[in-house]
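All ligand and atom numbering here is 1-based and tracks the order in the structure.
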Amino acid sequence: MTRMTPLLERNEQFARTYTPAALSLPAAQVIVVTCLDHRVDPAIVLGLQLGDAPVIRNAGGRVTPAVIEDIAYLAFLAEQLFGGQLADDRLFEVAIVHHTQCGTGFLADPSFRHQAAEATGLPEAALEASAVADPHVTVQADVKRLLTSPLLSPKVSVSGHVYDIATGRLTTTLDAPYP
Ligand SMILES: [Zn+2]
């Protein structure tokens, strides 16, 4: 018996009625970038089904170099596999979702950040960069960071949103107009 035991039982239930799907373009043509917080599960909050949208998650839902590299690879893969099937030559929209009450918000406090750096061995600057104190501010910064990356495919658009833990509502901060 481990902590995984009840989850494995749930998986057994799931697998009983499961039908596998072929690899295809994500049905929603959206990639979600969001926080790893267990209160912000995109499948539940956005009603995503299997095959709808790839989801990239890290602390804060920040646009890090690793996130940019994943998006660049997904764009390349989608273009290679499904480029000919696209009606309007657009691959997908990246929806960056930051949220209120984010646990990374504590890192905005210098003494907490210093303690965290000492305890984990992570550089203080990296911890500061991951902090989401005001999601409306950080999501705008991250949309800009992704849009200005030379690795971003011109066939990809970017939008920014804030999820409110208190209400369950997602608000769009920056829409994703195509150039
Ligand atoms: Zn968070």
Polar protein atoms (N, O or S) that approach the Zn ion (ligand 1) to under 2.8 Å: C35 SG, H99 NE2, C102 SG
For Y73, I'd like to know if atom OH has over 12 heavy atoms of other residues, nucleotides or ligands within 6.0 Å. no
For a side chain to side chain contact (heavy atoms under 4.5 Å, CB included) check, start with the C-alpha distance between M4 and N11, then their side-chain angles and the critical distance, and finish with the verdict. CA-CA 10 Å; M4 272 300 287; N11 173 255; over 6 Å; no
List for me each residue that meets side chain to side chain contact (heavy atoms under 4.5 Å, CB included) alongside L174, sequence neighbours excluded, and say none if there are none. Q140, V143
Which is it for T171 and D164 under the side chain to side chain contact (heavy atoms under 4.5 Å, CB included) test, yes or no, and what are the steps along the way? CA-CA 8 Å; T171 309; D164 188 334; 6.0 Å; no
I'd like to know if the side chain of R90 and the backbone of K155 have a donor-acceptor N/O pair within less than 3.5 Å. no
So which atom in Q101 and which in A166 form the shortest heavy-atom distance, rounded to 0.1 Å? NE2-N, 4.3 Å
